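What follows is a single structure, written as structure tokens, with notes after it.
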2 protein chains.
Amino acid sequence: MPTRTRTEWSIQEVARLTGVTSRTLRHYDAVGLLPPSRVGDNGYRWYDALTLVRLQRVLVLRGLGLPLPAIARALDDEQDTLAALRDHLSRLRTEQERLTRRAASVERTITTLEEGGRLMAEDMFDGFDHTQYKEEVTERWGEDAYASGDRWWRGMSPAEQQVWQERAARLATDWAEAAARGVEPASDEAQALAQRHADWLSGIPGTPGHGTGRPAKEYLVGLGEMYVADERFAKTYGGTEGATFVRDALRVYADSM
Amino acid sequence: MPTRTRTEWSIQEVARLTGVTSRTLRHYDAVGLLPPSRVGDNGYRWYDALTLVRLQRVLVLRGLGLPLPAIARALDDEQDTLAALRDHLSRLRTEQERLTRRAASVERTITTLEEGGRLMAEDMFDGFDHTQYKEEVTERWGEDAYASGDRWWRGMSPAEQQVWQERAARLATDWAEAAARGVEPASDEAQALAQRHADWLSGIPGTPGHGTGRPAKEYLVGLGEMYVADERFAKTYGGTEGATFVRDALRVYADSM
DNA sequence: CCTTGAGCTTGACGTAGCGTCAACTCGTAG
DNA sequence: CTACGAGTTGACGCTACGTCAAGCTCAAGG
């Protein structure tokens with residue numbers, strides 16, 4: 001007489017059958033993803049063949065990396081499965097790009113360190129943004145502005161200078177990263193960056209508006225145009241698109257001042 | 001008179017300077033990553049230029065994706081920075097591969113579903129492993145074994161059959177995945193898989209040892225050899241390397257029975 | 001009938017890196 | 001004196017469970 005096929009399995013049996021832990025099964029019950037087909041008077045969980053089929057599907061989707069809530073939605077409506085997978089795939093692609101960029105950054109940093117460089121943000125400025133270009137500054141905002149900024153810069157200790165440099169560098173990379181992500185110039189995030197940019201500028205003596213706690217409106221707008229027009233600045237903000245994004249964000253910010 | 005450069009900043013000022021939130025700074029203090037240079041009698045945190053330099057480095061490394069404990073170690077010993085980055089880079093590469101494979105799986109699954117397929121583990125068996133090949137089974141373990149397995153299979157409902165199919169499929173993918181990760185055949189993980197494999201086999205009538213709760217030793221070893229020798233089975237476990245891994249793990253398991 | 005032991009139950013904490021209240025205190029300007 | 005902005009210390013939330021801990025259930029053995 002052949003062994004009759006079971007119609008119900010205990011939680012441990014299911015665990016051994018599928019290779020998951022009983023803790024996981026209890027978790028799936030707790031979050032409503034996979035309630036047992038029957039719960040005994042003693043609280044024991046029992047699973048039937050249909051429930052196991054559902055579990056298999058859960059495990060397939062989990063293996064593809066979908067979060068549990070997405071799995072729940074996908075299973076409750078077969079229609080949603082494809083949509084969920086497509087959505088998931090696009091997120092995977094995004095994540096892939098991020099990883100690739102990050103790995104490249106780490107590699108560059110390693111190379112820099114190996115060559116005796118110090119640990120600092122990528123694409124560091126040699127000095128501090130526009131103020132490093134004497135002719136640019138004097139031409140646009142006068143001799144006094146440059147002299148004043150230069151004196152201020154020389155008056156700082158190396159540690160203080162480094163703080164300023166890194167601050168400028170991080171601001172630049174944050175701009176570039178936001179631009180790469182396609183953030184809107186008028187968004188809260190971009191405006192927060194513009195705010196930081198203005199704060200940063202207002203700390204530099206010689207800046208039009210310095211002492212008022214914030215730079216002059218037309219100074220901000222003019223700077224934005226310069227970032228776009230001048231290769232050297234555009235590079236800092238991630239090329240022409242990046243600089244354009246910065247300019248637009250700064251203009252919006254200036255308009256709301 | 002030019003503005004004197006500050007020598008100390010409050011937590012909010014630092015937050016604005018660097019673009020992080022004050023909550024983050026408190027967190028870094030709490031975990032010992034970046035204690036303020038001074039704490040007032042009132043509990044206020046104050047940061048000086050040197051502390052800010054350390055913060056910059058923290059942010060650079062964080063931007064590269066290092067976990068906070070690794071950042072702490074790297075900063076406390078400059079020597080460790082390079083090692084930490086190289087270590088991190090290798091993890092990034094591994095993660096990249098995983099993502100690539102995962103994305104490919106999702107794509108295949110989407111394609112399968114679009115073509116009207118059902119949601120199941122990849123590389124599904126048409127039937128259930130070796131028992132699907134009549135001549136193989138009868139030649140090696142006799143006519144009765146096949147007939148008995150076949151009757152058992154036909155006697156199940158479609159839902160029950162699907163449970164069995166998926167169970168076999170997941171076991172196979174778990175084997176293949178472990179093999180790809182370079183798991184040792186004698187490791188706990190591989191032996192747990194062997195255990196699952198034995199459990200699975202022992203549920204099939206006709207299996208030598210069926211009824212005793214576990215398959216016969218020489219049956220397990222023989223199966224392992226067959227997986228390696230026969231293309232059709234090797235493919236199931238991820239090619240020749242995968243099948244070899246399964247065979248070795250099964251042999252170790254059988255020896256310890 | 002009692003004990004053992006395997007199997008089951010329900011909590012509850014830990015994980016990484018903060019975001020987000022909540023409830024208070026501090027310090028300065030009006 | 002009071003309001004308000006800035007600071008403080010908790011403490012919970014998030015993802016998907018792993019890992020005890022304490023106690024109940026059930027079938028087998030003495």
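Just so it is clear: chains get the letters A, B, ... in the order the sequence lines come, proteins before strands, and each one is counted from 1. These numbers were taken from a predicted model, which means no experiment stands behind them.
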[X] has an atom [atom1]; how far is it from atom [atom2] of [N], in whole Å?
X       : N       : atom1 : atom2 : value
Y47(B)  : dA6(D)  : OH    : C1'   : 14 Å
D29(B)  : dT8(D)  : CG    : P     : 9 Å
R16(B)  : dG5(D)  : CZ    : C1'   : 11 Å
E189(A) : dG19(C) : CD    : C1'   : 15 Å
L33(A)  : dT15(D) : CG    : C1'   : 14 Å
L66(A)  : dA16(D) : CG    : C1'   : 14 Å
L25(A)  : dT10(C) : CG    : P     : 13 Å
L59(B)  : dG17(C) : CG    : P     : 14 Å

Are the side chains of L17(B) and W200(A) in touch, meaning some heavy atoms are under 4.5 Å apart?
->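 When only atoms from C-beta onward are counted, W200(A) and L17(B) do not touch, as no gap falls below 4.5 Å.
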Check: W164(B) and M156(B) side chains under 4.5 Å, non-hydrogen atoms |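 With C-beta onward as the side chain, the pair touches.
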Within less than 4.0 Å of OP1 or OP2 of [N], is there a side-chain N or O belonging to [X]?
X      : N       : value
T21(A) : dG18(D) : yes
N42(A) : dC24(D) : no
Y44(B) : dT25(C) : no
Y28(A) : dA16(D) : no
R62(A) : dC17(D) : yes
R26(B) : dG10(D) : no

From dT20(C), dT8(D), dC17(D), pick the nucleotide closest to the side chain of I11(B)?
->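 Side chain of I11(B) sits closest to dT8(D).
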Among the candidates dA16(D), dC18(C), dG18(D), find the nucleotide nearest to the side-chain atoms of T24(A).
->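 Minimum distance to the T24(A) side chain belongs to dG18(D).
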When all nucleic acid strands are considered with a 4.0 Å heavy-atom cut-off, which category describes S22(A): base, sugar-phosphate, or nothing?
->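 Nothing, no heavy atom under 4.0 Å.
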Upstream residue (5' side of DNA chain C) when R23(B) and P67(B) are each assigned their closest nucleotide =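 Mapping each residue to its closest nucleotide by heavy atoms, the 5'-most match is P67(B).
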Non-hydrogen atoms of [X] and [Y] that approach each other most closely:
X      : Y      : result
I71(B) : R62(B) : CD1-N, 3.6 Å
D29(A) : P35(A) : OD1-CA, 3.7 Å
Y47(B) : P36(B) : CE2-CA, 3.7 Å

Measure up the F245(A) and W175(A) rings against each other and bin them: parallel (under 30°), tilted (30 to 60°), perpendicular (over 60°).
->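 F245(A) and W175(A): perpendicular rings.
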Among T51(A), L34(A), V20(A), L52(A), side-chain contact (heavy atoms from CB on, under 4.5 Å) partner for V14(A) |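 The option that passes is L52(A).
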base_contact_polar (dT8(D) base, R45(B) side chain, donor-acceptor, <3.5 Å) =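 Per atom types, no contact qualifies.
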Is there a donor-acceptor contact under 3.5 Å from the side chain of S37(B) to the main chain of W46(B)?
->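 Looks like yes, one N/O pair under 3.5 Å.
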Treating a pair as Watson-Crick (purine N1 to pyrimidine N3 plus N6-O4 or O6-N4) or G-U wobble (N1-O2 and O6-N3) with both distances under 3.5 Å, list the stems of 3 or more consecutive pairs that involve DNA chain C.
->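 Stem segments, range with range: C:1-30 with D:1-30.
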